[in-house]
Engineer: 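Sending over a structure as structure tokens; questions will come in a sec.
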There are 2 protein chains.
Amino acid sequence: MNENDLRVQRTRSLLRQALIDLVKSQGYESISIREITQKAQVGYKTFYRHYAGKDELLQALVDEKIDDFKRILSPPSDPTASQKNTLAALVYIETHAELFLMILKSSAADQLLTAAVEVGREEGRLTFSSSQIPSPLMTHHFASSMISLFRWWLESGMAYSKEEMANYIDLLVIHTLKQLAAED
Amino acid sequence: MNENDLRVQRTRSLLRQALIDLVKSQGYESISIREITQKAQVGYKTFYRHYAGKDELLQALVDEKIDDFKRILSPPSDPTASQKNTLAALVYIETHAELFLMILKSSAADQLLTAAVEVGREEGRLTFSSSQIPSPLMTHHFASSMISLFRWWLESGMAYSKEEMANYIDLLVIHTLKQLAAED
DNA sequence: CGACTTAAGATACACTGTGTGTCACATTTG
DNA sequence: CAAATGTGACACACAGTGTATCTTAAGTCG
């Protein structure tokens, strides 16, 4: 299948957008392939010419965005800039809020956590190690707290500004980990 | 339907256990009603005489355990005993490890979080309030961190002892919140 | 203990969604 | 323009759900 064919690009784009729209209105689980193809105005069989099933379509969307996200959350070699990173992540999340909510509500939520753990392992190796707490636990706590706080922020309708949230996240998570590291 | 009839109790018990066993081996989503009834050695129609569907059976299991859990995690009026509470929660979780993993892997995971938030609201009102961070955010961070750490512990095969974990949780979560409260 | 009550089993059914096969058609590409 | 190929529409077999009906087995209670 030729990726450059305009028809291929158009069909996949329509299918992806249809999934996002449908998740917004009814969640992920209850969506059927027929619904997706109807919403996308695409033949039923055509769906299977591109994806093996609903999960694979979701996967294509997730993979596409997770790379961006990892790049943004990663430390820019300056270890004191984690607050800046947090803010950058919040900016990115806000502009892709629908997509992130979709991922968090779907079965792909674990992948986001995995990605965050990878980032956290990089960052943690530099600044967050502590003799009091095993490093895998530190990493996991950092990653899952970040995801969880992002999620809370999105689900509250972004009631606080990005700057406020970055500050809260700093107080609740980053400050804690730095302090544990400093006690060594 | 008479709840005291031995046949009713036996059937429901068989169905519940079948669900737990099946989730252990293949996860929740892919299980069909027919599989459950076959595993439980119960007629297909019989399932619907007791539960409206798969989710309702899960719900029955979850409801049953969440009450216990809330009672255990709740503060025993002594606000300094949170470490003791944590340890008690870990004991309970360990003895029901399979069930908790099932809940965390299923769609009912959010309910566990909700229950923890309720507990946290009680506890937080006493000891965890801070002028620097909105109280709903404090509560959510406490609850989701606890759940997340419990989950990590279970999924790592309980590699650390309950006492170690209680100590780590104290350092990562409880200590942080208390400190924020103390800064007022 | 025995008659009564009622839950459970077996089977058939309509309905919905999935995934595949086929063929005519339309669009892109060279 | 012509060949290549992605697309749409329709038909199909299959699996799972939830319901109806009738019979059978088991527990309950006097």
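By convention in this document, chain letters (A, B, ...) are assigned in the order of the sequence lines, proteins followed by strands, and residues within each chain are numbered from 1.
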Engineer: Could you grab the distance from atom CG of Leu177(A) to atom CZ of Phe142(A), nearest 0.5 Å is fine?
Structural biologist: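 Output value for this atom pair is 7.5 Å.
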
Engineer: What is the distance from CD of Glu3(B) to C1' of dG27(D), rounded to the nearest Å?
Structural biologist: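 Answer to the nearest Å: 16 Å.
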
Engineer: Looking at His50(A), does any N or O in its side chain come under 4.0 Å of the phosphate oxygens OP1/OP2 on dT7(D)?
Structural biologist: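 Yes, His50(A) has a side-chain N/O under 4.0 Å of OP1/OP2 on dT7(D).
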
Engineer: Is Lys54(B) close enough and on-axis enough to Tyr28(B), meaning under 6.0 Å and within 45°, for cation-pi?
Structural biologist: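 Verdict for Tyr28(B): a cation-pi partner in Lys54(B).
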
Engineer: CD of Gln41(A) versus C1' of dG8(D): gap in Å, rounded?
Structural biologist: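 Gln41(A) atom CD is separated from dG8(D) atom C1' by 13 Å.
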
Engineer: Scan side-chain atoms only and decide if Asp55(A) and Gln59(A) contain a donor-acceptor pair under the 3.5 Å cut-off.
Structural biologist: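 Absent: no donor and acceptor within the cut-off.
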
Engineer: Taking the nucleotide of DNA chain D with the closest heavy atom to each, which residue, Thr46(A) or Ser32(B), is nearer the 5' end?
Structural biologist: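 With Thr46(A) and Ser32(B) compared, the 5'-side residue is Thr46(A).
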
Engineer: I need the CZ-C1' distance between Phe47(A) and dG19(C), as an integer number of Å.
Structural biologist: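 Atom CZ in Phe47(A) sits about 11 Å away from atom C1' in dG19(C).
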
Engineer: With rounding to the nearest 0.5 angstrom, report the CD to OG distance, Glu183(A) to Ser130(A).
Structural biologist: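 Glu183(A) CD to Ser130(A) OG: 7.0 Å, rounded to 0.5 Å.
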
Engineer: Taking ring-ring contact (aromatic ring centres under 6.0 Å, His included) as the definition, give me every residue that meets it alongside Phe150(B), ordered by chain and number, with sequence neighbours left out.
Structural biologist: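 Phe150(B): no ring-ring contact (aromatic ring centres under 6.0 Å, His included) contacts found.
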
Engineer: Extract from the structure each pairing of a protein N or O with an N or O of nucleotides 27-30 of chain C at less than 3.5 Å, listing the distance.
Structural biologist:
residue: dT27(C); atom: O2; partner: Arg7(A); partner atom: NH1; Å: 3.1
residue: dT29(C); atom: OP1; partner: Asn4(A); partner atom: O; Å: 3.4

Engineer: Looking only at side-chain N and O atoms, does Glu163(A) offer a donor or acceptor that is under 3.5 Å from a partner on Asn167(A)?
Structural biologist: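 On atom types as modelled, these side chains do not qualify, holding no pair under 3.5 Å.
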
Engineer: Look at Thr11(A) and dT7(D) and indicate whether a side-chain polar atom (N or O) is within less than 4.0 Å of OP1 or OP2.
Structural biologist: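 Yes, Thr11(A) has a side-chain N/O under 4.0 Å of OP1/OP2 on dT7(D).
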
Engineer: In whole Å, what is the span from the CG atom of Leu15(B) to the C1' atom of dA8(C)?
Structural biologist: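 Result: 12 Å.
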
Engineer: Would you tabulate the side-chain donor-acceptor contacts of residues 5-13 of chain B under 3.5 Å, counting partners in other chains and residues two or more places apart, or write 'none'?
Structural biologist:
residue: Asp5(B); atom: OD1; partner: Arg7(B); partner atom: N; Å: 2.9
residue: Asp5(B); atom: OD1; partner: Arg7(B); partner atom: NE; Å: 3.2
residue: Asp5(B); atom: OD2; partner: Arg7(B); partner atom: NH2; Å: 3.0
residue: Gln9(B); atom: NE2; partner: Glu3(B); partner atom: O; Å: 3.4
residue: Thr11(B); atom: OG1; partner: Arg7(B); partner atom: O; Å: 2.9
residue: Arg12(B); atom: NE; partner: His50(B); partner atom: ND1; Å: 2.9
residue: Arg12(B); atom: NH1; partner: Glu3(B); partner atom: OE1; Å: 3.0

Engineer: Output the rounded distance in Å from CE (Met1(B)) to C1' (dG27(D)).
Structural biologist: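 That distance rounds to 14 Å.
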
Engineer: Tell me the ring pair (Phe, Tyr, Trp, His ring centres under 6.0 Å) pairs involving residues 163-184 of chain A, sequence neighbours left out?
Structural biologist: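 Pairs touching residues 163-184 of chain A that pass the test: Tyr160(A)-Tyr168(A).
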
Engineer: Provide a list of protein-nucleic acid N or O atom pairs under 3.5 angstrom, restricted to nucleotides 20-23 of chain C.
Structural biologist:
residue: dG21(C); atom: N7; partner: Lys45(A); partner atom: NZ; Å: 3.2

Engineer: Suppose we screen for salt bridge (Lys or Arg N to Asp or Glu O under 4.0 Å). Which residues come up paired with Glu35(B), at least two apart in sequence or across chains?
Structural biologist: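 Glu35(B) satisfies salt bridge (Lys or Arg N to Asp or Glu O under 4.0 Å) with no residue once adjacent residues are dropped.
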
Engineer: Could you check how far CD of Gln38(A) sits from P of dA9(D), rounded to whole Å?
Structural biologist: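 Rounded to the whole Å, the gap is 11 Å.
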
Engineer: Over how many whole Å does the gap from Glu35(A) atom CD to dT16(C) atom C1' extend?
Structural biologist: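 After rounding, the reported distance stands at 12 Å.
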
Engineer: In whole Å, what is the span from the CG atom of Leu22(B) to the P atom of dG16(D)?
Structural biologist: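 From Leu22(B) CG to dG16(D) P: 13 Å.
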
